[in-house]
Number of protein chains: 2
Amino acid sequence: MNSKRAIPTLHDVATTAGVSTATVSRCLNFPDRVSPRTKDKVLAAIEALGYSPNFGARAMAARRTNTIGAIIPTMENAIFARGLQAFQEELRLHGFTMLVASTSYKPEIEEEQIRSLVSRGADALLLIGHDRRPEIYDFLETQGVPALVTWAFDAASHRTSVGFDNQRAMQEMATEVIKLGHKKLALISAETANNDRALARRTGIYQAMEDAGLPPHDLQVVETSYGIVEGANAFGEIMGRGQKPTAVFCGNDVLAVGALRRAREMGISVPQDVSVIGFDDIELAQVAYPPLTTVHVPHREMGQKAARALSRLLLEGIPLEPTLLKTTLVYRNTLAPINF
Amino acid sequence: MNSKRAIPTLHDVATTAGVSTATVSRCLNFPDRVSPRTKDKVLAAIEALGYSPNFGARAMAARRTNTIGAIIPTMENAIFARGLQAFQEELRLHGFTMLVASTSYKPEIEEEQIRSLVSRGADALLLIGHDRRPEIYDFLETQGVPALVTWAFDAASHRTSVGFDNQRAMQEMATEVIKLGHKKLALISAETANNDRALARRTGIYQAMEDAGLPPHDLQVVETSYGIVEGANAFGEIMGRGQKPTAVFCGNDVLAVGALRRAREMGISVPQDVSVIGFDDIELAQVAYPPLTTVHVPHREMGQKAARALSRLLLEGIPLEPTLLKTTLVYRNTLAPINF
DNA sequence: TTTTAAAATGCAAGCCTTTACATTTCTGCA
DNA sequence: TGCAGAAATGTAAAGGCTTGCATTTTAAAA
């Protein structure tokens, strides 16, 4: 039947509409530069043929794609989802399309994905965190693809970032916790290798301890990969040891929710027996039981600002500017003073 | 400085390595068809130049992209994430790359995304649910892009699907609930317009009621959009009315978790005062408090099988085959018999 | 009407790869 | 050493679109 009907091209549309390919192309790209009558003919032909422009050819001829790539560690949880959603929505307003790729927190995969998105013609890239091989940045430079770092902020880095200060945020929280009398602290951290955010958060706690005259060395740290179950196990490990902490920091809310769950299973009351602190303030944090005390990160704002910055750069040539976003402490029900 | 250095092309690599473009191309695509010595030279040139193949040109010349597009309603929650992750992992094993796009549950955006992915050269598409305008399917046919429907199963549809029977699954659950003595039922449903899964789940409950001799008309239905907060509000609305149900079904786990939360806030005990039932069995369901009774959907299996089916089609020409996956009832702590 | 500028349209080159086919270089063996 | 066949490499066309420039049509002004 219709089996081997060839895919319609610009040329087919032009023939059907009785115009040149240039006109069809303009009709698609600059509708006002075409007379209404012609436009109608062309659109009718497009509709009749079921034509769809070939992106590759278009990208090659136009040397841009109106596409921005975002490379995130994982889509499996909400941490990046919300910010990304905002990023996409804002991008859409400016006529850009977002392409997402995920890396499972593996640097090799990240490099692969960066190359893949660049080769797919991404006009710019959104990256998470600063930490990657300089070769990658060189590559991006060679390819002329601007990249914006988010979810972290480092004024020192020459890579522009729109993000927040992971270390300071965690340090603020830790300072508050210490003020409440907690001295025996533990941290369930995401893996710090290749993850500057996790590292910065840990450093923030060390810093707060030092400032308070506590030996940083005393912080019990368990590193684990992402996931509720992983958080639960890490919590079990920590509370199973001799030296039980009175406050357990978690590198992110997902781990914290896991900790909360294991606490319940172990019959440990939060916050009476132990305080649990999260990071990120994703939806999960409010829903957890008890509702989680955590550090709020303005994910939506971050996504939106990142999108604006990139559109401005691409559309108007306005250079990227480092932007520091404020985090806030959200007190809910998992943190209590010691000996209350 | 390095400002206007042009982006390196295959041709540049060829010149640098002192070979023809054909050789460079082969070096990239069929490494064993090139002598080791030449390969070294070429790879060195590629490295030195920071070359990255132009995807568009490649797609155009090769007439395939090894890319499969997935279009999902939203990335904001875990419902699609897990299945998609599995889909991607399996795809990767077969040498394909996944491209994701999301639609915010809006049919117009979905159409746009379908066109966008097709025009980007997706060799095939993964779609959620059957329900869309026939024109879209015609378009896909014209473009020669196979599409596989998931998250739903309809043997009657001529669009092949790898999924589960939403109606039957919900019906089974409802039958059990009714067996426990529940007669006053409510449903917090996702919006059923343009969502055949939500519709099927509702129908499942109606069916179960009818089978049990209950008037389907008695089911209190509140439709709401996605989100924990929305679920909470819907629950509040239902429990604020005169006729209070003894069991509240939820179209998905996210809504259910919202319901649970609001119940707690209202001082309503689950399951003593009211039973709450979810759907999907995402991670959230286990973590909720109390752990949620729900319908388990084999998301990972679905993603994996979909990926296999598509790879087989693209690589070996084996036609897609409808595949029905089994759901199971997961009893946790939010469902209890009436008058217990 | 005629003239003139503006608007609409057409022509054709160029964007970067892959690949069928042609040609050259090896390899092993007589 | 010479030769056939295999392996490696090169040549050049094709693929679909955009866009600078040239040409034609339209509209407005005279």
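All values below were derived from every heavy atom in this structure, side-chain atoms included, with hydrogens, water molecules and symmetry-related copies excluded. All values derive from a computational prediction rather than experimental measurement. Per chain, numbering begins at 1; letters A, B, ... match sequence-line order.
Between the side chain of A/T323 and the backbone N or O of A/E321, at least one donor-acceptor pair lies under 3.5 Å.
Considering only heavy atoms from C-beta on, A/H94 comes within 4.5 Å of A/E90 through its side chain. Counting only heavy atoms from C-beta outward, the side chains of B/I46 and B/L28 approach each other to under 4.5 Å.
Contact annotation for A/Y51: backbone-only contact, meaning every heavy-atom pair under 4.0 Å involves sugar-phosphate atoms and none involves a base. Looking at heavy-atom distances under 4.0 Å, B/S25 makes contact with a base.
Between B/H299 and the choices B/W151, B/F164, B/F87, the ring-ring contact (aromatic ring centres under 6.0 Å, His included) rule is met once, by B/W151.
Side-chain atoms of A/A62 lie closest to D/dT19 of the nucleotides C/dT19, D/dT19, D/dC17.
Between its opening and closing five pairs, the helix from C/dT1-D/dA30 to C/dA30-D/dT1 changes axis direction by 30°, a value rounded to 10 degrees.
Between the CG atom of B/L49 and the P atom of C/dC16 there is a distance of 13 Å, rounded to whole Å. The interatomic distance linking A/R63 (CZ) with C/dA13 (P) rounds to 17 Å, in whole Å. Atom CG in A/N29 sits roughly 17 Å away from atom P in D/dG16 (whole-Å rounding). Look at CG on B/L28: it is 9 Å from P on C/dT17, rounded to the nearest Å. In this structure, the CZ atom of B/R64 is 15 Å from the P atom of C/dT17, given to the nearest Å. Distance A/I46 CD1 to D/dC17 P: 10 Å, rounded to the nearest Å. Regarding A/D40, its CG atom lies at a distance of 14 Å from the P atom of C/dA8, rounded to whole Å. Atom-to-atom, CE of A/M60 to P of C/dT18 comes out at 11 Å; the value is rounded to the nearest Å.
Taking CG of A/L99 as the start and OG1 of A/T67 as the end, the distance is 6.0 Å to the nearest 0.5 Å.
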Letter per nucleotide, 5' to 3', of nucleotides 6-13 of chain D [B base touched, S only sugar-phosphate touched, - untouched; heavy atoms, 4.0 Å]:
--SBBB--
Determine whether B/E112 and A/R92 satisfy the following criterion, salt bridge (charged side-chain N to carboxylate O under 4.0 Å, His left out), listing intermediate values before the conclusion.
CA-CA 12 Å; B/E112 193 183 312; A/R92 205 155 177 276; 2.9 Å; yes
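The cationic group of B/R58 does not satisfy the cation-pi geometry with B/F55, failing either the under 6.0 Å distance to the six-membered ring centre or the 45° limit from the ring axis. For the pair B/R33 and B/F30, the cation-pi criterion (under 6.0 Å, within 45° of the ring axis) is fulfilled.
The phosphate of D/dA14 has neither OP1 nor OP2 within less than 4.0 Å of any side-chain N or O from B/R58.
The minimum heavy-atom distance between B/D131 and B/N194, with the atom names listed, is OD2-CA, 3.8 Å.
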